[in-house]
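Counting convention: from 1, in listed order, for ligands and their atoms alike. Keep in mind the model is a prediction, meaning the values are calculated, not measured. Numbers here are sequence positions counted from 1.
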Amino acid sequence: MAAALNLGRMTLPSSKFLSRPSHLLSVKMQMQMQMQFSSPTLTKMSTDAQSVASKLDSSGLLRTQGLIGGKWSDAYDGKTIKVYNPATGESIVDVACMGGRETNDAISAAYDAYGSWSKITAAERSKFLRKWFDLLMVHKEELAQLITLEQGKPLKESIGEINYGAAFIEFSAEEAKRIYGDIIPSPLSDRRLFVLKQPVGVVGAITPWNFPLAMITRKVGPALACGCTVVIKPSELTPLTALAAAELSIQAGIPAGVVNVVMGDAPDIGNSLLASPQVRKITFTGSTAVGKKLMAGSADTVKKVSLELGGNAPCIVFDDADLDVAVKGTIAAKFRNSGQTCVCANRIIVQEGIYDKFANALCDAIQNMKVGDGFSEGVVQGPLINEAAVKKVESLIHDATSKGAKVILGGKRHSLGFTFYEPTVISDVDSEMRISREEAFGPVAPLLRFKTEEDAIRIANDTNAGLGSYVFTNSIQRSWRVAEALEYGLVGINEGVISTEVAPFGGVKESGLGREGSKYGLDEYLEMKYVCLRNMNKE
Ligand code: NAP
C-alpha cells in the first residue's frame, strides 16, 4: 500500500518546529511521543514539498511500510516514526518503526528465498538486475526528488547520486556473468583440484543517511549478483529512497524474499541480524563507533564482515599545484553534500609558498556558493541533516578558534535558519585541534600549513582513519611518491571526486574492512570452496 497522504496546505505551528530536534531523540523516545500524539499518517508541508510528495505517491514510489518476503508490512505493534525534510523541519510522512520481530521474519524470508535465488543461472540474475537498473533510470527524477526531500542535498547532486547508485546495479548485472572459479594444477596425477566461488548466504546490509540510494546499491548489487539475498536496514532519517528502490526491485520481477527492508529501532534490528546464524554476512556503512560494535557482535556466529566507516581525509596542496585545479578540486572534495560524505576533505594541508594565495582563491570561490533548499534553482549547498550535525560543526570551530585558528570566511549559522550553515574556511589550524582529529561532516574547510613533502605525509597520516585522500601537484614523480606513502584506501591526484562503480572503494586502519564496487567488490559476497577429486581411472 502506498502512503496515504494528507496534503493540506497548512504551515506547521511554531510548537512543531520546537519539537523538530526529534532527530536528536532516541528511537525509544520518538516511539513514546508517537504513542502519545499518534495520528495515522500526516503530512503538513510547504507547496514545493507537497507537490513532490504527491507526484511520488501517485507513481507508487512513496512507500511507508517495510518489505518482508515480498509483502509490504507495518510494524507488528503499529508503531511509526516520522521522516523529516531537513530543509524545513516539516514532517514528510510516517513510516513503520520496526524492530527485532520483523527483522527475524525478514531473515527467514531471505533464507527461504536464498535456496532458489542462489541456484538460478548467473545470466538470469543478471537480467533481473538489468531490469532493476532500467527502472531506476526511468524513475531517475522522482527518486532524485525523494533524496532531496528527505536528505536535503541539492537536486543536481541527487540526480548525480541516482546515476552513481544505479551504476552499481548495472555493473553488478554485467559482473554476475563473470564470477569464475579456478582449476589448480594438481601435484598428484590421479587428482584434480578446483576452486568454486559460491554465495555467502543471507546478507544484513546497514546503511547511513548521507547517500540514501548509493550506499544501498553498492552492497545489494554485488550481493544479488553473487546469489545472496539481503535484509536492508536504511537509516531512520532517510528510509524513503530505500523503500522506493525496493518497490522498483519488485517491479523488476526480483523474486519475493530476495530483497527485504526493515527500519526503525536500529540496535534492536542490528542485534537480530547479529544473533541470527542464518545471516552469514554483515555489510555496514556508517560511523566507526557503530562499525566496531557490529564487528564485535559478529564474532559469536563468526560472520563475514565488511565495513565502510568514517574518514579524516587530507587534501594536500603543494606549491607546484595548478591553483585553479586545486581550488576547484578542493571545493568538490570538501563541500559536496554540505561536507557530509565520508571522503570529504577534512584537513586542507597547504604548502607555505602557496598558502595565502590558495586561501584567498578558495574564499573567493566559496563566497559565491548559493546556500538554500535543495529544490531551489542554483543552490549548491543544502542544509545539514539535523541540529546535532550543526552543533558538532559549531563545537569544532569553537575549539579551533579558542586554540588560535582564525575564521576567514563564514563561521556561523546561515541566515536561512534551521540547519543551514555558512560555507566556512578557517586558517592557522594545527594537528592537535579537534577539527583535525574528528570528522567534521559539515561545510567547514580547515587550512593547515606545511613546509616539506615529508611534513605533508606525516601530517596526513597522523590519524586512525584511512579512507579518502587528495593531492594537488604538477609533479609526476611527487604524485607517485606521495600516493604510495599515504596510508589511505583512496587517493585522488588533481581530482576531488573519484568514486565510481568500476573502482574499489574502501578504507584502511579504522576506516574499514573490504572494498565496494569494481570486480573486487564481488569477493565480499563470495566464499571459495576447494574441491579435490581423486581417482581419474575409468569406471
Ligand atoms: P551511524 O550513526 O553509524 O548510522 C549508520 C547506520 O547504522 C544507520 O542505519 C543507523 O540507524 C545504524 N545503526 C546505528 N546504531 C546501530 C546499532 N547499534 N546497530 C545496528 N545499526 C545501527 O552513521 P551515520 O551518522 O548514519 O553516517 C555517517 C557516518 O557514516 C560518517 O562517519 C561517515 O563517514 C560514514 N560513512 C562512511 C562511508 C564509507 O563508504 N566509508 C560512506 C558514507 C558514510 P539509524 O540511522 O536508524 O539510527
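Heavy-atom distances between L467 and ligand 1 reach below 4.0 Å in at least one pair.
Interface atoms of ligand 1 facing F441, defined by a heavy-atom separation under 4.0 Å, are 28 (C), 31 (C), 33 (C), 34 (O). Contact atoms of ligand 1 toward N210: 43 (C), 44 (C) (distance under 4.0 Å to a heavy atom of the residue).
Between S511 and ligand 1, no N or O atom pair is found at a separation short of 3.5 Å. Checked by distance only, ligand 1 and T207 come closer than 3.5 Å through their nitrogen or oxygen atoms. For a threshold of 3.5 Å applied to N or O pairs, the pair formed by G270 and ligand 1 contains no separation below that value.
When heavy-atom distances to ligand 1 are checked against a 4.0 Å cut-off, M263 has no atom that comes that close, whether in backbone or side chain. Here T285 has heavy atoms under 4.0 Å from ligand 1 in both its backbone and its side chain. Of all the heavy atoms of F211, none lies under 4.0 Å from any atom of ligand 1, so neither backbone nor side chain is involved. At a 4.0 Å heavy-atom cut-off, ligand 1 does not touch T288 at all.
Closest heavy-atom approach to atom 11 (O) of ligand 1 within the set E439, R218, K233: this belongs to K233. Ranked by closest heavy atom to atom 13 (N) of ligand 1, the top entry among A266, G489, S499 is A266.
With a 4.5 Å cut-off on side-chain heavy atoms, E170 and L129 do not count as touching.
Across all their heavy atoms, F472 and C315 have their closest contact at CE1-SG, 3.6 Å.
With sequence neighbours left out, K292 forms a side-chain contact (heavy atoms from CB on, under 4.5 Å) with T288, E510. Applying the ring-ring contact (aromatic ring centres under 6.0 Å, His included) rule to F420 yields no partners; only residues at least two apart in sequence or on another chain are considered.
Between W209 and F441, the gap from one ring centroid to the other is short of 6.0 Å.
Both the sub-6.0 Å distance and the 45° axial angle are not jointly satisfied by K219 relative to the ring of Y525.
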Would you please test R280 and Y114 for side-chain hydrogen bond (donor to acceptor under 3.5 Å, both in side chains) and show each step? CA-CA 12 Å; R280 295 311 317 144; Y114 176 69; over 6 Å; no

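Checked against K153 for a side chain to side chain donor-acceptor pair (under 3.5 Å), the options Q381, Q340, E161 give a single hit: E161.
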